[in-house]
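Here's the structure we're looking at; comments come further down.
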Amino acid sequence: MHIVRPNISAFHSRVLKTMRSLLLLSVSVAGVTSFASQSTLLPSSTAVTPIGCKHLHQHAAQKSMHHDDSTGYEGVALAAIGNDETATSLHGSNRRSFLSSMLAPSAVLGLATSSPSPAWAAKGAAEYDLEYYMRDLFMGNKPEGNLPASNAPPPHPPRELRGQLLPLLLDDDLQSCITIQELAKITNIPIASLSEQIGIFRSKVQAAFKVTHPWKEESVRDEYYFDLTCYALLRTASIAIPQDYAKRDAFLRNIGRRLLDEIISRELISKKSIETLNNKSGKALTLTDTVPCIIELLDLFQSTNYCTSYRLGDKNDVERTGLNVFDQLDDEEISSSSGAGSVNCLVSVFDPATLGGALQITGEGSRFAPDFVGPTLAAVWERVGGAGGVSVSFESYFVDPVYRPNPKDFFPNERFYQFTIARK
């Protein structure tokens, strides 16, 4: 077998060039890190000591010479670069060991605080740059990333959905719920045929779905089986409504409008909110008028166990949350011709029962995902403004509240909505 040996001279040149660049990077970052009065060097035992260095005793002496609390990177940077002989003495058997020592987080940065840092503390830009360059120098950076995805957290036990709202969303037979009725109406496909197609698709995917969403009962009362059924229903709907995005949007919006009408007719919210939504006063409905109605609807979804909690408004603006999410100025923006004509509102729904199916569909490259909260709230705001009316649009996003250093790890528990209510 013919073995091609690496070009040591070329490798030596690459090492020197990269190390000089890293020195400049390290020194510039040192000025920033010295800002923290608590910053100190790690113990000398953690400084970089290249494998195969012939002058190890001299190197140890250099470590103490370069120990400087005000410029925490200096000792490591000079120790790493000041041994040119190390690069020329490297060979195939110890280059990987050398890389391992260089890429160790403590060895690369040589920094610590007076108190232990959290396990998931975010790395700085310089740390990511240094790690990238060192890995690229010795091992290369894969286009898909160098870290494998972590295992997902264990699923929580499924909640039991209950209450008078549930049969409006889904029923076990897929015959009488609003969702299947609206799908049959917009596609002109009989309900029986749609139910059969949904059942067939559900049976095909349920084994894989159950791995991450282990239901206890094959009923829509079970949170995870509800999720699976919603996923199968929307996948069936995407086949019945192919590539017609306006029609797909109309389907979801009609579900929200029908749900709101049924909630009102069955008096699932207070009489005061019903009178407000039916505009019994005769005056144009304002945004501030709708806030108690919105909260009651979100409470209804929560009491059904559709979600564990919710937030109305911006979490970073306490004065603009809950009952205070809208004020008189917002009403004027919509009603006055001199106003900007649009108002935004943020809503977060935590652990919605459709989260797994929605994430799966999104991961498959489609935005036609199951959603009941967004269309229902939009139906409320569509009643604002009287005869002139308003248009309501919204986008939803999935949020993982936990910082995870691996970009491949994404385990959201929140569906975040941004509504825009605009004067027509």
Side-chain angles (χ1 to χ4, degrees), residues 156 158-172 176-182 219-227 229-230 233 252-280 285 287-313 315 321-326 345-358 369-384 392 394 396 413-419 421:
H156 62 265
R159 303 187 300 271
E160 180 184 354
L161 277 65
R162 57 179 183 264
Q164 299 181 62
L165 180 63
L166 176 59
L168 299 178
L169 305 178
L170 279 184
D171 65 286
D172 285 323
S176 59
C177 63
I178 288 175
T179 311
I180 196 72
Q181 291 177 3
E182 288 299 322
S219 169
V220 294
R221 293 189 300 271
D222 186 293
E223 173 196 358
Y224 293 144
Y225 200 77
F226 179 94
D227 198 356
T229 305
C230 286
L233 193 152
L252 293 175
R253 290 299 192 96
N254 288 341
I255 292 175
R257 296 179 185 115
R258 277 284 307 281
L259 272 176
L260 183 60
D261 290 340
E262 289 293 329
I263 289 170
I264 292 172
S265 66
R266 299 187 185 202
E267 298 183 351
L268 301 184
I269 55 177
S270 69
K271 291 185 177 180
K272 183 177 181 181
S273 291
I274 292 173
E275 291 176 358
T276 299
L277 293 173
N278 286 335
N279 199 15
K280 295 293 185 181
L285 192 64
L287 290 175
T288 52
D289 292 335
T290 66
V291 175
C293 308
I294 293 293
I295 291 177
E296 284 195 44
L297 287 170
L298 290 171
D299 284 340
L300 179 61
F301 277 101
Q302 185 177 356
S303 65
T304 306
N305 267 344
Y306 177 86
C307 60
T308 57
S309 60
Y310 66 85
R311 180 177 58 243
L312 177 60
K315 68 176 181 180
T321 58
L323 290 170
N324 299 318
V325 69
F326 295 128
C345 182
L346 306 180
V347 179
S348 292
V349 177
F350 299 96
D351 303 301
T354 57
L355 181 62
D371 184 13
F372 295 105
V373 173
T376 304
L377 300 187
V380 172
W381 285 315
E382 285 176 344
R383 302 189 178 206
V384 170
V392 182
F394 67 92
S396 67
N413 72 336
E414 172 187 350
R415 190 159 187 173
F416 175 79
Y417 298 87
Q418 180 177 7
F419 291 88
I421 303 105

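Small disclaimer: the values here were computed from a predicted structure and weren't measured.
Aromatic ring orientation, F394 versus F419: tilted (interplanar angle from 30° to 60°).
Considering only heavy atoms from C-beta on, I255 stays 4.5 Å or farther from D371 through its side chain. Side-chain contact between Y310 and D299: present, with at least one pair of heavy atoms (C-beta onward) separated by less than 4.5 Å. Proximity of L277 to I269: side-chain heavy atoms (C-beta onward) are separated by under 4.5 Å at one or more points. You'll find the side chain of L297 reaches within 4.5 Å of the side chain of L260, heavy atoms only. The closest side-chain heavy-atom distance from R162 to N305 is below 4.5 Å. Inter-residue side-chain proximity for T276 and L285 is flagged as met; some heavy-atom pair is nearer than 4.5 Å. The shortest distance between side-chain heavy atoms of P167 and V220 does not fall below 4.5 Å. Considering only heavy atoms from C-beta on, K272 stays 4.5 Å or farther from P292 through its side chain.
Rounding to the nearest 0.5 Å gives a distance of 10.5 Å between OG of S303 and CD of E296. Note that OH of Y306 is 10.5 Å distant from CD of E223, once rounded to the nearest 0.5 Å. Atom CG of L252 is separated from atom OG1 of T376 by 10.5 Å, given to the nearest 0.5 angstrom. In this structure, I295 CD1 and L300 CG are separated by 13.5 Å, a value rounded to the nearest 0.5 Å. The CD atom of E414 sits 6.5 Å away from the NZ atom of K315 when rounded to the nearest 0.5 Å. Distance check: H156 NE2 to N413 CG gives 10.0 Å after rounding to the nearest 0.5 Å.
Remark: side-chain polar atoms of T304 are not paired, donor with acceptor, to backbone N or O of L161 under 3.5 angstrom. At distances below 3.5 Å, not a single donor-acceptor pair connects side-chain atoms of T290 with backbone N or O atoms of C293. Between the D171 side chain and the C177 main chain, a donor and an acceptor come within less than 3.5 Å of each other.
Contacts classified as salt bridge (charged side-chain N to carboxylate O under 4.0 Å, His left out) and involving residues 252-262 (residues at least two apart or in different chains) are given here: E182-R258, R253-E382, R257-E382, D261-R383, E262-R266.
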Please walk me through it: do L165 and L259 pass side-chain contact (heavy atoms from CB on, under 4.5 Å)? CA-CA 9 Å; L165 180 63; L259 272 176; 4.2 Å; yes
Please determine whether side-chain contact (heavy atoms from CB on, under 4.5 Å) holds for the pair L298 and V373, giving the CA-CA distance in whole Å, both sets of side-chain angles, and the decisive distance to 0.1 Å. CA-CA 8 Å; L298 290 171; V373 173; 4.1 Å; yes
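Residues meeting the side-chain contact (heavy atoms from CB on, under 4.5 Å) test with S396, sequence neighbours left out: R415, Y417.
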